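Input: a single structure, listed below in C-alpha cells.
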Amino acid sequence: MREVAFIKQNKQKWLEFEQAIFGKSKKNPDEMANLYIHLVNDLSYAQTYYPKSKTVVYLNYLASQIYQKIYKTKREEKNRFIYFFSTEVPLTVYQYRRYLLFAFIIFFGAVAIGVVSAKYDENFVRLILGDGYVNMTLDNIKHGNPVAVYKSSGSVQSFIGITANNLGVGVRSYIYGLFGGIGTFMFLLYNCIMLGSFQYFFYQHGVFGASVRGIWIHGSMEIFGMVVEAACGFILGASLLFPRTYSRLNSFKIGFKDSLKIFLSTIPFTIAAGFLEGFITRYAIEMPHWLNVIIILGTLSLISFYFLIYPRFVYKKLNP
C-alpha cells in the first residue's frame, strides 16, 4: 500500500485518537489501552514500509502520549492493584512476547548444554556446583533422600532465606540488562547450565525421579520466574541498544517502565516458590506421588497461564 493510501485509510481514526488524547472528553484506561494497541499496530506497519516518513514520527508521538495517559490515569472504579495484575501486566507481556520467547530459547539451549557437559565430563558437575555441595548430595543419595538438603534448617528460616536469595537473583538478572542485555544473557546462561548439569547428576545416580518430585515442587514457579526476569533484562538492554524512532533516553524510560512492570509481577510467584521450598519440598519423598504431580503441574500451569496464555486473552478482549 502506498503511503498516501495508508494515511487516507487511517486519517479519521488518528484524528479520533488525537481527540481522545488532547480533547476534553475522558476515556477510561481500558479504552485508552485499546487505542494504544491499534496505534502501535499502525506504527509497526509504518516503520516497516515507510521507515523514514514523517508518518512514523507522528504515530510515534501519538503512541507515546497515549502510553503516558494510560499509566498516569487512576482507575476509580476498580482496585489499582487488581488492575495492575489483571490488565496492565498482561498487555505489557503480550507487547514484549518475543523477548520472553528469546529467554526461553536460551533457557532450553543452556539446560541442554549443561546436560551434555555433565554427561561427557565427569568433573563438570563438581566444577559448576562445587565439591562441598556434590559430596553432601552424594551422601544424601546414599541415605535414601536425594533432596534432604531442604530439611537442613527450619521451615520458617528456610522460607525467609530462600525467598530473599531468589529475589536477589531475580533483581540481578534484571539489572544486568543495563549492560546491553549481555549481563542478563551470561547470568541466565550460567544458571541454566547449572540446572541442566544438576539434573543430569541425579540421573547418573539413578534418582532422577526422586529429584524431580522434590525440586520441581517449588522449581516450576522459581525457574519459570527466572526466565521471565531474564526477559525483563533483555527488554531493558534492547531499550538502550535499539531506540528505534525514540531518543535513547526516552527509549530507556519506556523500556524501564515496561520491564519493571513485568518484573514486579514475578515477585508473588517467587514468594510462593520460596514458601513451597521452605515448607513443602522437605516432605517431597514422603508424600504420595499423586500429590507431587498435582503440586508440580498445578504451579506450572498457573504461572504458564499467566505469562503465556492470559496476555493473549486480554489483548484479544481489548482488540476484538
Side-chain angles (χ1 to χ4, degrees), residues 85 89 93 99-100 103-104 106-108 110-111 114 128-130 132-133 136-137 146-178 181 183-199 201-202 211-236 259-284 292 295-308:
F85 284 98
V89 171
V93 170
Y99 292 87
L100 190 57
F104 269 107
I106 295 173
F107 167 75
F108 287 114
V111 168
I128 199 166
L129 295 176
Y133 190 84
M136 177 188 66
T137 304
V147 291
V149 64
Y150 299 108
K151 291 185 176 181
S152 59
S153 58
S155 298
V156 175
Q157 181 182 352
S158 294
F159 165 58
I160 295 173
I162 290 166
T163 301
N165 177 73
N166 290 345
L167 289 173
V169 169
V171 169
R172 279 184 285 163
S173 181
Y174 174 45
I175 295 301
Y176 288 167
L178 289 172
T184 297
F185 173 79
M186 297 302 296
F187 193 71
L188 179 64
L189 187 69
Y190 173 79
N191 281 283
C192 293
I193 289 175
M194 183 168 61
L195 174 64
S197 62
F198 184 55
Q199 285 286 213
F201 172 74
F202 285 112
S211 72
V212 169
R213 286 164 50 201
I215 296 168
W216 291 94
I217 281 181
H218 61 272
S220 293
M221 287 197 292
E222 180 184 319
I223 301 302
F224 198 115
M226 178 183 73
V227 177
V228 176
E229 289 157 355
C232 295
F234 292 138
I235 294 170
L236 196 61
S259 59
L260 180 62
K261 200 174 299 179
I262 299 173
F263 175 78
L264 291 176
S265 73
T266 67
I267 291 178
F269 293 103
T270 300
I271 294 173
F275 176 85
L276 290 172
E277 189 170 354
F279 290 93
I280 309 298
T281 300
R282 62 183 59 236
Y283 304 114
N292 285 103
I295 295 174
I296 293 171
L297 293 183
T299 53
L300 180 60
S301 298
L302 177 63
I303 194 169
S304 297
F305 173 78
Y306 185 72
F307 286 107
L308 300 181

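Atom set for the values below is all heavy atoms of this structure, side chains included, hydrogens, waters and symmetry mates excluded. Numbers here are sequence positions counted from 1. Being a predicted model, the structure only gives us computed values, none of them experimental.
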In Å and rounded to the nearest 0.5 Å, what is the [atom1] to [atom2] distance from [X] to [Y]?
X	Y	atom1	atom2	value
F275	I162	CZ	CD1	12.0 Å
L178	L236	CG	CG	4.5 Å
M221	S304	CE	OG	11.0 Å
L302	Y306	CG	OH	10.5 Å
L188	F234	CG	CZ	5.5 Å
I295	W216	CD1	CH2	15.5 Å

Heavy atoms from other residues, nucleotides or ligands near CE of M186 exceed 12 (cutoff 6.0 Å):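 No.
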Take atom OH in Y133; do more than 12 heavy atoms of anything else shown fall under 6.0 Å from it?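 It does: Y133 OH has more than 12 such atoms within range.
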Polar side-chain atom of [X] near backbone of [Y] as donor-acceptor pair, under 3.5 Å:
X	Y	answer
S265	I262	yes
S173	V169	no
T299	I296	yes
N165	G161	no
T266	F263	yes

Are the side chains of [Y] and [X] in contact, using a 4.5 Å heavy-atom criterion?
X	Y	answer
Y190	I128	yes
F85	P268	yes
S155	R282	yes

Derivation of the side-chain hydrogen bond (donor to acceptor under 3.5 Å, both in side chains) call for S158 and E277: CA-CA 8 Å; S158 294; E277 189 170 354; over 6 Å; no
Could you go step by step and tell me if I267 and L167 meet the side chain to side chain contact (heavy atoms under 4.5 Å, CB included) rule? CA-CA 7 Å; I267 291 178; L167 289 173; 4.1 Å; yes
Using ring centroids (six-membered ring only for Trp), state whether Y150 and F279 fall under 6.0 Å. no
Are F269 and F307 an aromatic pair, judged by ring center distance below 6.0 Å? yes
Residues that N292 engages under side-chain contact (heavy atoms from CB on, under 4.5 Å), provided they are two or more places apart: R213, I217, A284, M287
Sequence-distant partners of F108, ring-ring contact (aromatic ring centres under 6.0 Å, His included), two or more places apart: none
